[in-house]
Structures are given as structure tokens and as C-alpha cells.
Amino acid sequence: MRHVAALAGVGVKTVSRVINGEPNVSAATIAKVEAAARTLDYQPDLHAGNLRRADGRTRTLGLLVGSVDNPFSGAVHRAVEDAALARGVSVFASSLDDDPDREQEAVSAFLRRRVDGLILTTISESQAYLAPELRRGTPVVFVDREPAGLTSDAVVSDNSDGAALATRHLLEHGHRRIAYLGDRHDIQTARERHRGYLDELGRAGVSTRGQQVVEGLHDEATSRAATLALFDVPNPPTAIFSSQNLVTIGVIRALRELGRQHDTALVGFDDVPLGDLLEPGVTVVAQNPQAIGRIAAERVFARLDGDASVAARTIVPTRLLERGSGEIAPRAEG
């Protein structure tokens with residue numbers, strides 16, 4: 001910083017004020033400092049700089065998503081990053097992998113970096129460990145799953161209603177044997193989607209007994225194996241509701257291996273890459289991860305800007321995308 005000051009012909013304090021974006025510095029002085037910094041390839045030490053910054057902020061956020069290799073998480077990440085970039089804020093991101101220990105390790109790492117706010121997808125039974133941070137004024141917004149053990153802002157999809165919508169769609173096309181393939185039951189969204197499926201069957205007067213329900217599926221391989229097993233029994237399902245995008249991909253693979261993609265209806269929860277290009281196209285209840293990420297970032301920045309209103313739960317609607325697989329009629333029984 002001293003070298004930048006000498007080259008620009010200003011004091012070190014002036015360089016600090018320019019770098020930290022403080023007011024009351026002339027445009028000409030800012031231009032001189034920025035030109036000197038570029039010439040010297042100067043990069044400020046953010047950890048040291050935040051100690052001196054007038055507002056005490058690091059201009060960083062901590063973002064914890066389910067898994068960066070999941071398209072849903074990737075879309076949330078991108079939306080948060082775009083919103084943060086517009087405000088000159090950087091994003092530290094990490095994957096949860098639905099591991100409670102990893103959740104708390106990642107959050108601790110974010111806090112050691114003194115991030116200005118947190119946007120979190122969580123799996124622990126309780127997030128009460130974050131109560132001290134909330135009391136200190138750190139904004140915390142939960143995405144995809146609501147917190148337990150404390151009250152804070154949350155931005156989520158309507159998981160139960162979305163699952164009910166998928167089930168209703170299959171019922172309206174004449175199906176009564178509708179298998180459910182779901183994620184781990186300890187995941188809040190999986191429980192909500194299972195509940196929506198059961199509730200809709202009940203509203204339609206269709207017995208839930210005898211329906212093939214397989215839970216604990218977390219990836220393409222396990223869901224593929226589970227789908228193959230569905231057709232190893234008498235009276236296999238005429239339709240499948242897969243409640244997570246990676247599970248849906250496994251179902252698609254299995255149906256194609258069996259040659260049943262044209263006689264077994266499928267509706268997935270959450271969109272899948274290239275799902276509209278398959279034959280038949282994959283009918284899904286689509287979430288809006290871009291809106292979830294954008295709204296979560298907006299909530300964090302609103303809190304940082306002084307919004308002290310009560311914690312809000314924002315529900316982002318889902319929508320049914322009919323592409324062909326969910327519109328297959330029940331096959332005739334021979």
C-alpha cells in the first residue's frame with residue numbers, strides 16, 4: 001500500500017480509503033490510486049483490510065449448498081453469486097453432502113473468515129448453534145430447507161404441494177398404482193414430498209396400502225437399482241413419482257434398460273438436464289432455484305442494510321412441465 005501511495009503521490013490513508021470504498025474522495029484521486037494499483041499489480045489484503053474498514057465488513061458471504069455437482073445447487077449458487085457480484089461482494093461456497101458434521105465445519109470455516117452473512121442449506125436436527133451469530137447481528141438465510149431450533153429467514157419451494165401436484169397429475173391420467181421413489185427420510189424436503197404424495201392419494205380415495213414406496217435413495221445408482229426391483233414383482237406400478245432430480249435420472253436409466261419408458265408414466269420433482277430432449281420428454285414439477293438464490297441474497301443484503309423486520313418464510317412456487325412421460329396412460333393388463 002505504501003508503494004501505491006508513493007506512485008500515486010498521495011498518503012497511505014488515502015489509498016486505504018479508496019480501496020475500502022469510503023466516501024469523500026475525489027474522482028481524480030480515485031483514478032490516480034487505481035492506476036497506481038494496476039501498475040504495481042497490487043491486491044489488498046482483505047483480512048487485514050477488514051480490521052480497518054469503517055463498517056467492519058469483509059464484503060463476503062458464506063454459501064452452503066447441498067452439493068455443487070447437483071444442477072439445483074449449482075443454479076442456487078450462480079444466482080447468489082450474481083446478486084453478490086452486483087454489490088462488490090465475494091461468495092465462499094461449500095457442499096453439504098447431507099452430512100451434519102460437514103455442515104457445522106463449513107459454517108465454522110465461514111465464520112472464521114468473518115463473512116458478513118450466511119446462506120445455508122442444512123441437514124442437522126437443529127440449527128440452534130447459530131443463535132449466537134443471530135444475536136450478534138449476522139444475517140442468516142436458509143435455503144431449500146427450513147431451520148429447526150431457531151427462527152430465521154428461509155426461502156424454500158412448496159415441497160408438499162408440488163409433490164401433491166405430481167401425484168394428482170398421474171391420478172388424472174388414470175393411474176392407481178403409483179410408486180414413490182424418495183430421498184433419505186432425515187432430509188426435510190424428502191419428508192415433505194412423501195407427505196404430499198400420500199395426502200393426494202388420500203384425497204383421491206386411493207388406498208396407500210400396497211403402493212410401492214422406496215426411500216433412502218440419494219443418487220442415480222441406488223434409484224436405478226430400486227426401479228429395476230419394482231418390476232420384479234407381480235403387478236408392478238403403472239406410474240412412478242421420483243421426488244429428487246438425481247433419483248429421476250436413475251429411474252430414466254432403469255426404464256430404458258427394461259424397455260418400459262413408453263408404457264410406464266413418470267413425473268419427477270425438480271427438473272433434469274436435457275429432460276425435454278428425451279423421447280418421451282420427462283414431465284417434472286420444476287423448482288425455481290434461480291429465484292431461491294436471488295431472493296436469499298436479497299434478504300441477506302436487506303438485513304445488512306438495516307432491515308430489522310421479523311424473520312420471513314418465502315415460498316417459491318413450483319410448476320408442472322408436461323413433456324410426455326407423465327401423460328402416458330396406464331398400460332392394459334394382459
Might you work through the salt bridge (charged side-chain N to carboxylate O under 4.0 Å, His left out) test for Arg299 and Asp307, ending with a clear yes or no?
CA-CA 9 Å; Arg299 290 303 301 155; Asp307 182 348; 3.4 Å; yes

Can you name the closest pair of heavy atoms from Asn159 and Thr189 and give their distance?
ND2-CG2, 3.7 Å

Arg193 CZ to Gln188 CD distance, which is reported to the nearest 0.5 Å
10.5 Å

Please determine if Asp161 and Arg195 form a salt bridge, counting it only when a charged side-chain N lies under 4.0 Å from a carboxylate O.
no

Please tell me if the side chains of Phe301 and Leu61 come closer than 4.5 Å, counting only heavy atoms from C-beta onward.
yes

Do Glu220 and Arg253 sit within salt-bridge range, that is, some charged N less than 4.0 Å from a carboxylate O?
yes

Value rounded to 0.5 Å, distance of OG in Ser242 from CD1 in Ile249:
9.5 Å

May I ask you to decide whether Asp186 forms a salt bridge with Arg191, counting only side-chain N to carboxylate O separations under 4.0 Å?
no

Hey, is Asp82 close enough to Arg294 for a salt bridge, meaning N to O under 4.0 Å?
no

Side chains of Asn245 and Asn70: is there a donor and an acceptor less than 3.5 Å apart?
yes

Donor-acceptor pair between Glu327 and Thr283 side chains, under 3.5 angstrom
yes

Please report the interatomic distance CG(Leu130) to OG1(Thr138), rounded to the nearest 0.5 Å.
9.0 Å

Look at Arg87 together with Asp116 and state whether they make a salt bridge at an N to O cut-off of under 4.0 Å.
no

For the pair Arg176 and Ile178, evaluate side chain to side chain contact (heavy atoms under 4.5 Å, CB included) and give the outcome as yes or no after the intermediate values.
CA-CA 6 Å; Arg176 294 300 179 266; Ile178 304 171; over 6 Å; no

Identify whether the distance between the nearest side-chain nitrogen and carboxylate oxygen of Arg136 and Glu133 falls below 4.0 Å.
yes

Go through Arg313 and Glu146 one step at a time and tell me if the salt bridge (charged side-chain N to carboxylate O under 4.0 Å, His left out) criterion holds.
CA-CA 8 Å; Arg313 174 177 178 257; Glu146 296 181 49; 2.7 Å; yes

Electrostatic pair Glu105:Arg102 at N-O distance under 4.0 angstrom:
no

Do Asp271 and Arg323 meet the salt-bridge criterion of a basic N to acidic O distance under 4.0 Å?
yes

Are Tyr180 and His194 close enough that their ring centres sit under 6.0 Å apart?
yes

Exam field: side chain Gln127 to backbone Ala148, donor-acceptor pair closer than 3.5 Å:
yes

If only side-chain N and O atoms count, and only distance matters, is there a donor-acceptor pair under 3.5 Å linking Asp97 with Ser95?
no

